[in-house]
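No experiment lies behind these values; they were computed from the predicted model shown. Throughout, protein chains are lettered first and strands after them, A, B, ... in sequence-line order, and every chain is numbered starting at 1. Just so it is clear, the values below take in all heavy atoms, side chains as well, and ignore hydrogens, waters and symmetry mates.
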2 protein chains.
Amino acid sequence: MPKFVSEFPIFSVTVDLVVLTIRDGVFSVLVIRRGEKPYAGRLALPGGFTQEREDIEDAAYRELKEEAGIGKGDVHLEQLQTFGAPRRDPRSRVVSVAWLALGADLPDPVAGSDAAAAEFRPVDEVLGSASPLAFDHADILSVGVERARSKLEYTGAAANYCPPEFTVGELRSVYEAVWGVELDPANFHRKVTRAEGFLSETGENTTRGGGRPAKLFRGSPRARLNPPILRD
Amino acid sequence: MPKFVSEFPIFSVTVDLVVLTIRDGVFSVLVIRRGEKPYAGRLALPGGFTQEREDIEDAAYRELKEEAGIGKGDVHLEQLQTFGAPRRDPRSRVVSVAWLALGADLPDPVAGSDAAAAEFRPVDEVLGSASPLAFDHADILSVGVERARSKLEYTGAAANYCPPEFTVGELRSVYEAVWGVELDPANFHRKVTRAEGFLSETGENTTRGGGRPAKLFRGSPRARLNPPILRD
DNA sequence: CCAAAAGTGTTGTGGGTACACCCATGA
DNA sequence: TCATGGGTGTACCCACAACACTTTTGG
């Protein structure tokens, strides 16, 4: 076992991941079942230790790969918040940098060894669960979900939950799943197609889903949506 | 010198502070002149090491007191972002949690010994300076300033730059200083006085500033401003 | 009196909501 | 033919920008 020595107080820095996607129309989060103490058997967010010479963002991507088989191009990743209460991990002083990852219908994580215990669960079920998440992960998840919801108001983040090309109806269903509301299809259509720089037509059509063929669009996940779509 | 030993990679965790206020109508940030290497003589954001059993938020408040003589009640403090590139501090592996502190016209920090080198400078001057900030502090400041600006759109954060009771005109001058724009006094007045739960009248009047006496209001810095005041 | 800032009125414009209606496909 | 979702039109309402105008103080 390696030994590290320091003249300053010793911290470990971990990354924890709030991985959100939409599975069968349900807003869902990736959780793992813990095998070890503390909190053995409880659900938790995926995550792990940052390495000695590793950028914290790289650590987040690495854990995403190791624990869920998700690659860099599969998700949008952004920093969420850092949690550093002295006793948040009973073993030692651990400061955790939480990250938010948004992706289109992600594969069932069965690949790696670590990933065996990982699965997507509905956000509402996990937050309202009788068996709460380990550590302060419920707090982290709450922050992540609120951030994900508010990003839909002012940005093109909804496109992160869609395949590269999608219809306006598919985009609307993202809003409906994430916010848990119903939106008027006609007004939503006008709103997003008129917002400058938000959607770009591919010229293709699709008929998946039945009904009249819909135009396919590409999104700009980083675009600012002006005027915003407010939740109230 | 104390020695700490660990079996995991060793990190130090610091806090860095973006302290913003408005001085004589100018949007300003608190900076210190570094006395030691590295970056000796350069300007930097105030900050310091988190202690062994200290919550990171408490560390931010402590540094605020030590380096600028600013107490807990004097500012609104919120977490900004964490900076953890491997080489951001040439001495060792340091992860810094940056915080945003917003306050009404804050005292010139001359109190403590550490605070001797601290002073407020115009944000534009510091960001555009020929002598850039130490470490990655220019990045941190940019993130802080952008957050501060965008918070004015959707929240009552502007009240943080005002005394407990203030006039609508004073509030408007906050927006003008932070955004660097001019706003129509009449429309601004209607907008903020009509927003539900945003301002509450004290019943008092004031004549500071000349002209017709203005009503005094109290703000709700945490209130959500709906509809928002957009910058464009 | 004038200057200065507070606050109100008014009008045109643009976006939102609600909902009627038509379009293009599969079954 | 019908059902299904895509997409457009329209009417009402509210918010906002622009700017004229009145109010209340100090000098």
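In this structure, A:L199 places its CG atom 14 Å from C1' of D:dG7, rounding to the nearest Å. One interatomic measurement links the two molecules: CG of A:D184 to P of D:dC12, which rounds to 18 Å at whole-angstrom precision. Atom CD in B:E153 sits roughly 13 Å away from atom P in D:dC16 (whole-Å rounding). In this structure, A:L183 atom CG and D:dG7 atom P are separated by 16 Å, rounded to whole Å. Atom pair B:R190:CZ and D:dC16:C1' shows a separation of 9 Å (rounding to whole Å applied). Between the CG atom of A:N187 and the P atom of D:dT8 there is a distance of 12 Å, rounded to whole Å. Atoms CD (A:E196) and C1' (C:dG14) sit 15 Å apart, rounded to a whole Å. Taking atom CD of A:E182 as the reference point, atom P of C:dC19 lies 14 Å away to the nearest angstrom.
Between B:F217 and B:F166, the distance from one ring center to the other does not fall under 6.0 angstrom.
For B:K215 and B:E204, the salt-bridge test fails: no basic side-chain N is under 4.0 Å from an acidic carboxylate O. Contact check on A:E119 versus A:R33 returns no salt bridge, with no Lys/Arg side-chain nitrogen under 4.0 Å from an Asp/Glu carboxylate oxygen. Salt bridge annotation for B:E153-B:R224: absent, with no cationic side-chain nitrogen under 4.0 angstrom from a carboxylate oxygen.
B:R194 comes within contact range of no nucleotide atom at all, as no heavy-atom separation falls under 4.0 Å. Backbone-only engagement by B:P227 is indicated by non-hydrogen atom pairs under 4.0 Å involving sugar-phosphate atoms exclusively. Among the atoms of the strands shown, base atoms are found under 4.0 Å from some heavy atom of B:A186.
Across C:dA6, D:dT24, C:dA24, the shortest atom-to-atom separation from the side chain of B:P213 is found for D:dT24. Of the candidate nucleotides D:dG9, D:dG7, D:dC19, D:dG7 has the atom nearest to the side chain of A:H189. Nearest to the side chain of A:R212, among D:dC19, C:dC23, C:dC19, sits C:dC23. In this structure, the nucleotide among D:dA15, C:dA6, D:dG6 sitting nearest to the side chain of A:T167 is D:dG6.
Across the interface with DNA chain D, nearest-nucleotide mapping of B:G211 and B:P228 shows B:P228 to be the residue nearer the 5′ end.
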Handout entry: Residues A:D58, A:K65; criterion salt bridge (charged side-chain N to carboxylate O under 4.0 Å, His left out); working and verdict
Key = CA-CA 11 Å; A:D58 295 336; A:K65 192 59 163 178; over 6 Å; no
